[in-house]
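Comments concern the structure below.
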Amino acid sequence: MAGQGTHGVDALGHLYRDLVGCRRCSGMQGPPVHGQAVISPVMMVGQAPGTREILQGIPFCWTAGKTLFRWFESIGIDEQTFRRRALMSAVCRCFPGKNPKGGDRVPDAVEVERCSGWWQTEVELARPRLIIPVGKLAIVQFMESKRLNDVVGAQWPYRSPSGLEADLIPLPHPSGASTWFKMEPGKTLLEQALSLIEVHPAWREIRTASAAAQASRAGRIGAA
């Protein structure tokens, strides 16, 4: 298993080296953003980076990220641990630019399709057991329904084109401009979704691995 994990990390590293050179979409602003190359039972798929993510080269590193990681910390995993132990992906890897009417532009269908190979390859390489799509654009890559009220707060089955099976637990996008998760029924549905993630075996696995690593470090420090 260790050898397979090493091979998978190497393959992700090669994939990301190809990704950073991608310039397929003239309307998107790069450079492309990706998370750490980690083989994990948990994979999160966001929508697209914002300007801060492009500048820092780190997914969910600004306001929306602060909210997202508060959610995850409430169910046992802090930001640093999540970034190290979960695979962070996105539907589109470059910034779509601003909408003339305000806010970030939503990538069009052609841009989404051109970028889909990156996250689909990540799924096949990491073979996660739990996939967390965050926001409507991410959710509709895995299921037909576009209404948050219909999908958040429940666990769904997913089967990739190659036959890989995983569980889906969708989350709303943690954008500061969104009010959905701050009022009912969104507030309750978000709590239900986080409760489902908290008890999922894949989530518990990375949380347990983190606790074991921290205990090991503490032991080494105490013995020094």
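Sequential numbering from 1 along the given sequence is applied to the chain's residues.
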Is there a side-chain contact between [X] and [Y] in this structure, where contact means two heavy atoms from C-beta onward sitting under 4.5 Å apart?
X: I206; Y: P41; value: yes
X: R23; Y: P32; value: yes
X: W62; Y: E53; value: yes
X: P59; Y: R83; value: yes
X: P31; Y: V20; value: no
X: P128; Y: L164; value: yes
X: L194; Y: S74; value: yes
X: D104; Y: K98; value: yes

Assigning hydrophobic clusters by single linkage (Ile, Leu, Val, Met, Phe, Trp, Tyr; side-chain heavy-atom cutoff under 4.5 Å), is [X] placed with [Y]?
X: V45; Y: V140; result: no
X: W119; Y: M28; result: no
X: V134; Y: I54; result: no
X: I132; Y: W156; result: yes
X: L15; Y: V123; result: yes

Only residue of D78, L171, T81 satisfying side chain to side chain contact (heavy atoms under 4.5 Å, CB included) with F72 is L171
If you look at every heavy atom in [X] and [Y], which pair is closest and at what distance?
X: F60; Y: P174; result: CE2-CG, 4.0 Å
X: R24; Y: R114; result: NH1-O, 2.7 Å
X: A138; Y: G46; result: CB-O, 3.6 Å
X: I39; Y: L125; result: CD1-O, 3.8 Å
X: L12; Y: A37; result: CB-CB, 3.8 Å
X: L87; Y: Q36; result: CD1-O, 3.8 Å

How long is the gap from [atom1] on [X] to [atom2] on [Y], to the nearest 0.5 Å?
X: M88; Y: S40; atom1: CE; atom2: OG; result: 11.5 Å
X: I77; Y: T208; atom1: CD1; atom2: OG1; result: 8.5 Å
X: L196; Y: L168; atom1: CG; atom2: CG; result: 12.0 Å
X: I131; Y: S89; atom1: CD1; atom2: OG; result: 9.5 Å
X: S195; Y: I169; atom1: OG; atom2: CD1; result: 10.0 Å
X: I58; Y: R52; atom1: CD1; atom2: CZ; result: 12.5 Å

Main chain of [Y], side chain of [X]: is a donor-acceptor contact present, judged purely on distance under 3.5 Å?
X: E113; Y: V110; value: no
X: R207; Y: I75; value: yes
X: Q47; Y: C92; value: no
X: R105; Y: G97; value: no
X: E73; Y: E79; value: no
X: Q80; Y: R84; value: no

Test side chain to side chain donor-acceptor pair (under 3.5 Å), reference E205, set H200, R85, R129, output is R129
Exactly one of R93, E122, H34 clears side chain to side chain donor-acceptor pair (under 3.5 Å) with Y16, and that residue is E122
In sequence, state the C-alpha distance, the side-chain angles, and the governing distance for Q141 and S116, and then conclude on side chain to side chain donor-acceptor pair (under 3.5 Å). CA-CA 9 Å; Q141 308 309 308; S116 63; over 6 Å; no
Chi angles and distances behind the side chain to side chain contact (heavy atoms under 4.5 Å, CB included) call for K187, E191: CA-CA 6 Å; K187 185 176 181 180; E191 292 173 355; 4.2 Å; yes
Taken in chain and number order and not counting sequence neighbours, the residues that satisfy side chain to side chain donor-acceptor pair (under 3.5 Å) with Y158 are none
The test is side chain to side chain contact (heavy atoms under 4.5 Å, CB included); show your working for V33 and F95 and say whether it passes. CA-CA 9 Å; V33 176; F95 176 52; over 6 Å; no
Report yes or no: is the cationic atom of K182 (NZ for Lys, CZ for Arg) closer than 6.0 Å to the six-membered ring centre of W180, at no more than 45° off its axis? no
Next item on the list: Would you please indicate if the ring centroids of W71 and F82 are separated by under 6.0 Å?
Entry: no
Legend entry - Audit row: T188, Q192, side chain to side chain contact (heavy atoms under 4.5 Å, CB included) steps and yes/no: CA-CA 6 Å; T188 295; Q192 292 175 358; 3.6 Å; yes
